[in-house]
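Okay, so here's the structure we're looking at.
Owing to the predicted nature of the structure, the values given are computational and were not obtained by experimental measurement. Naming convention: chains lettered A, B, ... in sequence-line order (proteins, then strands); numbering from 1 in each chain.
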There are 2 protein chains.
Amino acid sequence: MTRVGGRGGSPAAPRSVDVARRAGVSQKTVSRVFNGERYVSDEVRRRVLEAAEELGYRMNNAARALASGRSRTIGVVTLGTALYGPASLLIGVERAARDAGYAIRVVNTLEGEPGGVARAVESLLEQGVDGIVVSEPIDEGSVALSVDVPVLVLGAPAALGGSRTVAAGVGAESLARAATEHLLDLGHVTVHHLAGPQGWFAARDRLGGWRAALSARGREQPPVIVGDWSAESGYTAGREFASAGDVTAVFAANDDMAIGLIRALTEAGLRVPEDVSVVGFDDIPIAAYVIPPLTTMRQPFDAVANDGIRLLVQAIEKPDAEPAPAHDPPVELVVRASTAPPPTRPPIRKTPARGRRTTSDSRSSGSAQLPAAGDGPPTTS
Amino acid sequence: MTRVGGRGGSPAAPRSVDVARRAGVSQKTVSRVFNGERYVSDEVRRRVLEAAEELGYRMNNAARALASGRSRTIGVVTLGTALYGPASLLIGVERAARDAGYAIRVVNTLEGEPGGVARAVESLLEQGVDGIVVSEPIDEGSVALSVDVPVLVLGAPAALGGSRTVAAGVGAESLARAATEHLLDLGHVTVHHLAGPQGWFAARDRLGGWRAALSARGREQPPVIVGDWSAESGYTAGREFASAGDVTAVFAANDDMAIGLIRALTEAGLRVPEDVSVVGFDDIPIAAYVIPPLTTMRQPFDAVANDGIRLLVQAIEKPDAEPAPAHDPPVELVVRASTAPPPTRPPIRKTPARGRRTTSDSRSSGSAQLPAAGDGPPTTS
DNA sequence: GTGAAAGCGCTAACAA
DNA sequence: TTGTTAGCGCTTTCAC
């Protein structure tokens, strides 16, 4: 294996010995300089850097990882979806990790693929990552992985993984509760909920928050419709809500569904917010520009990512230190034009619902419904 | 350096020698089995696999990379934005790469940071990637990087990087042209353009396609307004278009801007599509559910990613083979409800524009404008 | 402050 | 079909 470079001319990449020779020092000294270690005189440091520059030296990370047992790489398991939440989280994680001196490896789990997280984690472990981030995992029934690196779970309880697991993420439950309370404060007798897919912890938390807000005021808990985060599922749900006839306020578990929902409501002749108020969740960038502008709960994705990576890096680098508490990231209800006090009388449908499947008030058509939990006394309007 | 494992008990991870010993074969044979090489008897293979299983053996990729000079990793440089396009591309790239047996490293470039791509590429090279994907780069003036691995440029000409550069991406120009022609076919005398930031190749291509469509029919090219992809910038532009008074059709360079645009138009009392038609670009998932549902050009992100990775992997593994031609991915104009024939008379503003800054017809207020290129004779309506 | 020597766990080239 | 022998380019340990 002669060191002359692979195909066609390009000479082999310079190694630290080459730099050392040129700078007239030992290879170890080059290593010291590039790792920012102490005990290198300024003069030597300068010479080394200069020689490296001249040679176009680039450190070989595979060798470094092999020798040190650490790769300075964090693996990220994320859903393969362009949804705003997961995408934002990924960006935040990359940034925070890079700031901490770590590179990122990404593996997407295929949607609906059972055991996907386990397989993804396994492949990352094989790549030799120092830590793992599992972003917005779907509950696959506690995946007992034998992970020997710290794990950060974003947007879910630290249930997953082993002993060295930390979690971050704003308590979606309290956010959902605040969103629901906003509607109640406006005077709505109760609030309907368009939930996310219940495999997602985030969706369950939001459902829980909604329930809590309603229970706290002794309000009825109407049947929940479950969507899949998409505007399309929001649209389907919206048709059901519209045909129910008694809906004045809906809390949707994300903005996309809220948008689909509003469209269905509008098509059915219901005005938002005059007849029905809608609040979303996430504050996606276009939320302020849809018609009507959406009242929604802003999620501090960046803060969550930063906080989580801070925890993870600490777990990697100081495994024995007390796990620092997660900050509570700032949270904000953005009130725009999709919420208002309820109509004084039950909403009158202005024009016949287009393509409506049923004229009855039955709520049991089509998509999945959760049983109404709790049983506050029905309130008269 | 005793092999007893780091802190507190957990024994060192098993190596291939350990597996070899247990299976009663040489270390090299274990290597052969795990690399799927030929010339291993089924019996031996079975014993090795069994031993590995019992030991919980996992291959060390750092060592593999060091010894082989290849990391089976592709580096991806992408914009740090949750925009639908880049996010979708990233997901597609990850999938395609994984299918080809490569892992992914991701580095985001900070927006507006000059030299960001160069720095990102540099850091990936240091990580020892076998190839690099640059997704939707911003034109920074041909960044002459000394890259010694193949580079795939997505959504831009293969200008970047060195000799071993391939490119993929649907010709945005022809798509933009088709979008514009759709409007022209509907009967609009001319079509206005709300462009993306001109640092992006994608934005320039769309502008070019719009120009080409107009020129081909000898139509006037109205001044262009330049946005930044956000709904907010679309909204700002929409106010300008509204106050211009003579706009009947707008082609927006992406869906987000189109949505902001429609809102501004609506606020100004213009109806979409009765008074003004709008077509977007991307077909983001909610495009079908905004009000009105958006006519838009669907981008085949998955096909582009697949095609690109195929090219890149070929360049990595068979550097001497003829670079296979990029497929032309399927493309589709999705006609929904935001486009219609022009009004028979110039649009009448129904209600006074809210918060309008000027009552004149001047188009020169506020945001950036490109000079009108070409000079087709003004057409009378 | 600096250097010499000994690996890290694997693949490559060659033997057998 | 299988084994042997050298490294890959760093970090680590310990000596100076």
Side-chain angles (χ1 to χ4, degrees), chain A residues 1-6 11-48 51-52 55-73 125-128 130, chain B residues 1-6 11-48 51-52 55-73 125-128 130:
Chain A
M1 199 180 276
T2 42
R3 290 196 33 83
V4 193
R15 302 151 300 165
S16 57
V17 258
D18 301 324
V19 175
R21 222 175 337 257
R22 185 167 188 119
V25 298
S26 79
Q27 183 274 328
K28 172 67 221 186
T29 298
V30 175
S31 170
R32 284 206 178 89
V33 169
F34 275 84
N35 285 299
E37 286 174 32
R38 286 161 318 179
Y39 304 133
V40 184
S41 69
D42 287 355
E43 161 58 12
V44 168
R45 182 181 307 272
R46 198 191 52 67
R47 283 210 328 264
V48 168
L55 259 27
Y57 170 70
R58 215 149 32 208
M59 171 133 96
N60 179 325
N61 262 276
R64 198 238 271 269
L66 177 58
S68 69
R70 296 204 21 212
S71 61
R72 299 206 138 274
T73 294
L125 254 16
E126 199 158 289
Q127 304 294 327
D130 293 341
Chain B
M1 201 178 276
T2 41
R3 289 195 34 80
V4 194
R15 300 151 302 163
S16 57
V17 260
D18 301 325
V19 175
R21 225 178 332 259
R22 185 168 188 117
V25 297
S26 79
Q27 183 273 330
K28 173 69 217 184
T29 297
V30 175
S31 171
R32 284 208 178 88
V33 170
F34 275 86
N35 284 300
E37 287 175 33
R38 287 159 319 180
Y39 304 133
V40 183
S41 68
D42 289 353
E43 162 58 12
V44 169
R45 183 180 306 273
R46 198 191 51 67
R47 283 209 327 263
V48 168
L55 259 28
Y57 170 71
R58 212 147 36 204
M59 175 137 92
N60 179 326
N61 262 276
R64 197 240 271 269
L66 177 57
S68 69
R70 294 200 26 209
S71 60
R72 299 206 140 271
T73 294
L125 253 18
E126 199 158 291
Q127 305 293 326
D130 293 341

Whole-Å distance between [N] [atom2] and [X] [atom1]?
{"X": "Y57(B)", "N": "dC10(C)", "atom1": "OH", "atom2": "C1'", "answer": "8 Å"}
{"X": "R70(B)", "N": "dT11(C)", "atom1": "CZ", "atom2": "P", "answer": "12 Å"}
{"X": "R64(A)", "N": "dC10(C)", "atom1": "CZ", "atom2": "C1'", "answer": "19 Å"}
{"X": "E126(B)", "N": "dC10(D)", "atom1": "CD", "atom2": "C1'", "answer": "13 Å"}
{"X": "L66(B)", "N": "dG7(C)", "atom1": "CG", "atom2": "P", "answer": "17 Å"}
{"X": "E37(B)", "N": "dC10(C)", "atom1": "CD", "atom2": "P", "answer": "14 Å"}
{"X": "D18(A)", "N": "dG9(D)", "atom1": "CG", "atom2": "C1'", "answer": "10 Å"}

Listed partners of S26(B) passing side-chain hydrogen bond (donor to acceptor under 3.5 Å, both in side chains), at least two apart: T29(B)
Sugar-phosphate, base or nothing in reach of N61(B), heavy atoms under 4.0 Å: nothing
For F34(B), answer base if it contacts any base atom (sugar-phosphate contacts may also be present), sugar-phosphate if it contacts only those atoms, and nothing otherwise; contact means non-hydrogen atoms under 4.0 Å. nothing
Under 4.0 Å between a side-chain N/O of N35(A) and OP1 or OP2 of dT11(D), yes or no? yes
For dC10(D) and S16(A) - does any side-chain N or O of the residue sit under 4.0 Å from the phosphate oxygens OP1/OP2? yes
Here's a test of your reading of the structure: between D42(B) and A65(A), which maps to the more 5' nucleotide of DNA chain D? D42(B)
Table please: side-chain donor-acceptor pairs of residues 61-68 of chain A below 3.5 Å, with sequence neighbours left out.
from, atom 1, to, atom 2, distance (Å)
N61(A), ND2, E126(B), O, 3.0
R64(A), NH1, N35(A), OD1, 2.7
S68(A), OG, R64(A), O, 2.8
S68(A), OG, R70(A), N, 3.1
S68(A), OG, R70(A), O, 3.2

So which protein N/O to nucleotides 2-6 of chain C N/O distances come out below 3.5 Å?
from, atom 1, to, atom 2, distance (Å)
dT2(C), OP1, S41(A), OG, 3.1
dT2(C), OP2, S41(A), N, 2.7
dT2(C), O4, R32(A), NH2, 3.4
dG3(C), OP2, S26(A), N, 3.0
dG3(C), OP2, S26(A), OG, 3.0
dG3(C), OP2, T29(A), OG1, 2.4
dG3(C), N7, R32(A), NH1, 3.4
dG3(C), O6, R32(A), NH2, 2.8

Suppose we screen for side chain to side chain contact (heavy atoms under 4.5 Å, CB included). Which residues come up paired with R22(B), at least two apart in sequence or across chains? A51(B), E54(B), L55(B)
With sequence neighbours left out, write down each residue that passes salt bridge (Lys or Arg N to Asp or Glu O under 4.0 Å) with R72(B), or none if nothing qualifies. none
Qualifying residues under salt bridge (Lys or Arg N to Asp or Glu O under 4.0 Å), relative to R21(B), sequence neighbours excluded: D18(B)
Would you compute the distance between atom CZ of R58(B) and atom CZ of R15(B) and round it to the nearest 0.5 angstrom? 15.5 Å
Is the shortest heavy-atom distance from the side chain of Y57(B) to the side chain of M59(B) under 4.5 Å? yes
